[in-house]
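In what follows, a structure is listed as structure tokens, so that the remarks can point back to it.
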Amino acid sequence: MIRTPLRPLAHVLPARARQEDPDSVMRHNLRQRHDQMEIAARQMAESRLLVLIVFIVAAFAAVAVRMANLAHSDGQEPTQQIAAAAIAQSRADITDRHGRILATNFETHSLYAQPPDMVDPAAAARGLVQVFPDLDEARLLRDFTGKRKFIWIKRRISPEQMQAVHDIGDPGLRFGPREMRLYPNGSVASHVLGGASFGKEGVNAAEVLGVAGVEKHFDAFLRDPAQNGRPLQLSLDLTVQAATEEVLAGGMAVMNAEGASAVVMDIHTGEVVAIASLPDFDPNDRPRPALGDDPSISPLFNRAVQGVYELGSVFKIFTAAQAMDLGLAAPETEIDTTGPLRWGRFKINDFRHYGNRMSVTKIIEKSSNIGTARLAQQIGAVRQKNFLESLGLFDPTPLELTEAGGSDPLIQKNWSELTTMTVSYGHGISVSPMHLAAGYAAIANGGRMIRPTLLKQSGPQEGVRVLSERAAAEARMMLRRVVSEGTASMVNVKGYSVAGKTGTADKPRARGGYYEDKVLSSFAGLFPAHDPAYAIVVTLDEPEIMGLGELRRTAGWTAVPVTGELIRRIAPLLGVRPLIEPDERIAITQASN
Amino acid sequence: MTEMVYGAVPRQSGDAILPKWWRTVDLLSIACVLGLFAIGLLLALAASVPLAERNGFGDYHYVQRQMVFGVTAIIVMLIVSMLSLTLIRRLAVLGCGIGILALLLLPVLGTDFGKGATRWYSLGFASVQPSEFLKPCFVVTAAWLLAASQQINGPPGRLWSFVLCMLIAALLIIQPDFGQACLVIAAWAIMYFIGGAPMLLLVIMAGLVVLGGTLAYTHSEHFARRIDGYLSTEIDPTTQIGYATNAIREGGLFGVGIGGGQVKFWLPDAHTDFIIAVAAEEYGLVLVVAIILLFATVVIRSLSRLMKERDAFHRIAGTGLACMFGLQAFINMGVAVRLLPAKGMTLPFVSYGGSSLIAGGIALGVLFAMTRRRPQGRYHDFMTGTARA
């Protein structure tokens, strides 16, 4: 038997010499080592177990103490945590100039589902489809039984719908408060207000963001919690606005027009009291912009601000006023109006021929293109350009609407003498009705250019003088003559002397040139003429009416009667005192006292 | 001659089994466990009735089941505590293998009962959670390995037991069952600590636990949500913790009275994970402290008995089982009072449960087998001067 030496031979040999078995010695030694190790391990374990016991006692004591603390503390009313407090609520209201609500908030609820809490998904889906027929039952059931833990069902529901969903009685169907934007007047002032939609959405709140109009322009203000709910007060007068839209809609129907717009503006403060564009929409349910179509015929398009048009003869008064301001002419100055006026290949004609010489007043009254062009020739390109620019006709209107920023007037780059002549009677320059109203306001208020605004002002604006007091007054006299004697006789509202100018512009074709049978008819004016307070611009797009056995398109037959009706309606609302012309048959005898 | 032909007459060596068991087993701890079970039945009378109504059973359906399973569990516990330690060890190692196999097969054969984690085998009349049975088996196996590594020329038991622990923890995490995984790792760590872990390693281990927790937090939504719920200072009263906290507040010192509690109607897990809230609400702080004392008594008595234990295997296995038992109770109650982040863990022997009760009975039976008084070579200690009083 060969033994593997497990230890030094020097130990084995002496052991053998002592008659001892080296294996038993080895085993004995090993046992001893084991015993020692065991003792050491046990001693270590003893101390470690002690540590462990201390820890365990401490842990249980902590639980007991904590439990005692809790048991001793006062109960709290279970209050739901507002998880989405970060979303600023309560958008400020928008009111008209008298504080009447134009836009406010309305507490509704959103409906969502938490499938894990659902008792009977099938019944819930069936019930929901009965309440909301537009939902798909199969799809709801799939969502409710699937893995999703949270499903939006409806963003906004009415109280009746909410009750109906309550009646389904499934705890998995939940409601979250939703503040929605409400426009109680429906489509009134829709283009000004624009509309709002939801931005960031949480269960308990959703951000309301303005998408157009003042809602977008003043979005930051409206959402600013620091405003403390102070409403945004507009310059609009709700009743005037409503009347304007009503009259305009009626006029549009009678005149078979494609569209219409109107602006009523306070000539001292620059406040826009009413601004309307038809067709319009309901901001509570703002339609999506139709893609592909011409945006300028969409209901969303604000014709009064976004639409830039060649407005035609309404521009003539600017030419006349400037000529008088510069001293080139007086109202009685006779101008050669022999037609046609030739300029290169171009020919300027009048609608009717009124004679070879006409006074400036007569030129405006009869709306002579030739006479105006002659005046413009005298003024010259540079001065005309500067004047029109000072009237703000070269820049987007400063009105507080997001749409206003994009309303760049279309101006000829190369301002030739021919341009000077055509612009003098309103062709070759495209501006918005709002631009025009601001220009007329300058004439009406005695020659100061004021900035139109949609915000309520506290007092008159100190505008930049663009015309002398006298030239403005003479221009007003001419405008009054247009109404009393000339093309705009149908606007002669009894009691409210109106002054103004008509304009009938051929509509430009998309591919160049002008339509023969499509016009943009407009009336721009001011009232009352003896003490102007408001500037007014009305435009009708492609109006046609049968008058005296003829199909009429000219402004005198279309825009003018609509304006007349409009002024008849809104002047009393605006508090303009009618001028009582004493009836000759009634003799007033002053009694002596 | 007769003996040579017919074999030796079976002769008892030493005492009969039962008297010896009665003399050596930790009777006080057993009494404590019986007390816990009695309290559990009392609470089940309150907590499981709404559940029974919800599931369309008779009012005391779950109480009856608790009774049946509980009595079975206690009988199992007593029987196991009488077994010889060698047999226990062998069965445990076997059980550990079967348990791991069962865990591996869970994704294929298990059910999740709509709770988002596949942890159960459905047997029709009851569901079995294999991890519950695996826990005591693992502790015994790991203790055996750790003890073996203390032998001269022994196997690298520490490494093996560590690998085993990590394997089981990984299997539990994929269920996912972070609570049980934590418990397994914690039990192993404690056993390793008692089995002579170097101090430096303990520090490194602590670091690893922190790292693992961070990873779990960043990579598991399930885990992160619970931690977040724990860290947020405001309690949302509509969460389970919120209801539990409210229930404890309502209960005060002596409770709102038997059957007067409300929390059982609100918490789906009132009969299991939040049984302590039911206890606190209906019977007040008094019963809660009693429960804590019973748990603490079992754990501390077991540990103090193990301090005198000579055999490393017995000591380590006993410590692991006792600590696991105590830790599970601590975690369950700690969650209810928001000392710990929310984790689904039952209160051993008090919570309602079928197979988990029996598994608990097995674990305690092994523990009581480990803590039985044995000859500890006191004479030898005395002679060599290493004895302690």
Side-chain angles (χ1 to χ4, degrees), chain A residues 6 26-27 29-83 85 114-119 145 147 149 171 174, chain B residues 114 116 147 150-152 190 193-197 234-238 242-243 245-246 248-253 255 276 280 284-285 288-289 292-293 295-296 299-300 303-304 306-312 315-316 319 322-323 326-327 329-330 333-334 336-339 377 380-381 384 386 388:
Chain A
L6 291 171
M26 185 190 76
R27 276 198 296 274
N29 287 346
L30 191 63
R31 195 161 53 242
Q32 273 194 329
R33 274 177 69 196
H34 260 149
D35 280 352
Q36 279 161 9
M37 273 175 60
E38 234 179 66
I39 289 161
R42 188 163 65 84
Q43 283 172 347
M44 182 202 64
E46 250 187 80
S47 55
R48 289 195 175 182
L49 275 171
L50 205 60
V51 172
L52 203 58
I53 288 173
V54 170
F55 265 105
I56 285 168
V57 168
F60 279 118
V63 171
V65 167
R66 173 90 187 181
M67 197 69 92
N69 262 341
L70 273 183
H72 195 255
S73 68
D74 289 326
Q76 278 177 338
E77 190 69 25
T79 46
Q80 188 89 35
Q81 246 178 305
I82 304 297
Q114 290 191 330
D117 292 344
M118 283 204 157
V119 174
T145 51
K147 281 194 167 175
K149 298 216 165 110
R174 306 276 183 87
Chain B
Q150 288 185 358
Q151 303 287 318
I152 292 165
I190 289 169
F193 172 66
I194 296 303
E234 287 294 311
I235 318 169
D236 183 350
T238 57
Y243 280 120
T245 308
N246 247 15
I248 295 166
R249 282 186 177 134
E250 284 296 317
L253 192 55
I276 197 74
L285 189 62
V288 174
V289 169
I292 292 174
L293 279 179
F295 275 112
V299 177
I300 289 163
L303 290 183
S304 63
L306 288 166
M307 279 170 75
K308 299 185 195 94
E309 178 64 55
R310 251 182 115 78
D311 188 297
R315 188 167 59 228
I316 295 170
T319 308
C323 287
L327 205 58
F330 169 70
M333 292 187 287
V337 296
R338 290 212 328 131
L339 272 178
H380 182 271
D381 290 349
T384 51
T386 52
R388 294 198 180 176

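By convention in this document, chain letters (A, B, ...) are assigned in the order of the sequence lines, proteins followed by strands, and residues within each chain are numbered from 1.
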> Between B:Ala329, B:Gly196, B:Ser304, which has the largest tally of heavy atom pairs under 4.5 Å with chain A?
Replying inline: B:Gly196
> Does the pair A:Arg48 and B:Thr319 meet the rule for a side chain to side chain contact (heavy atoms under 4.5 Å, CB included), with working shown?
Replying inline: CA-CA 11 Å; A:Arg48 289 195 175 182; B:Thr319 308; over 6 Å; no
> Is chain A contacted by the side chain of B:Leu285, its backbone, both, or neither, given a heavy-atom distance below 4.5 Å?
Replying inline: side chain
> Nearest heavy-atom pair of B:Met333 and A:Val63: which atoms, and what distance?
Replying inline: CB-CG1, 3.6 Å
>> At a 4.5 Å cut-off on heavy atoms, which part of B:Ala296 comes close to chain A: side chain, backbone, both, or neither?
In response: both
> Of the non-hydrogen atoms in B:Arg315 and A:Ala45, which two are nearest, and what is the gap between them?
Replying inline: NE-CB, 3.2 Å
> Looking at B:Cys323 and A:Leu52, what are the two nearest heavy atoms and their distance?
Replying inline: SG-CD2, 3.4 Å
>> In terms of relative ring orientation, are B:Phe330 and A:Phe60 parallel, tilted or perpendicular, with 30° and 60° separating the classes?
In response: perpendicular
> Where on A:Met37 is there a heavy atom nearer than 4.5 Å to chain B: the side chain, the backbone, both, or neither?
Replying inline: side chain
> Between A:Met44 and B:Ile194, which heavy-atom pair has the shortest distance, and what is it?
Replying inline: CE-O, 3.5 Å
> For A:Ala61, is it the side chain, the backbone, both or neither that has a heavy atom under 4.5 Å from a heavy atom of chain B?
Replying inline: neither
> In Å, rounded to the nearest 0.5 Å, how long is the span from CG of B:Leu303 to CD1 of A:Ile56?
Replying inline: 5.0 Å
> Which bit of B:Ile316 is near chain A, if near means a heavy-atom gap under 4.5 Å: side chain, backbone, both or neither?
Replying inline: neither
> Is chain B contacted by the side chain of A:Leu49, its backbone, both, or neither, given a heavy-atom distance below 4.5 Å?
Replying inline: both
> Measuring heavy-atom distances to chain A, does B:Leu306 have an atom under 4.5 Å in its side chain, in its backbone, in both, or in neither?
Replying inline: both
> B:Arg310 side chain to A:Glu38 main-chain N or O, any donor-acceptor pair under 3.5 Å?
Replying inline: no
> Quick one: what part of B:Gln151 sits under 4.5 Å from any heavy atom of chain A, side chain, backbone, both or neither?
Replying inline: both
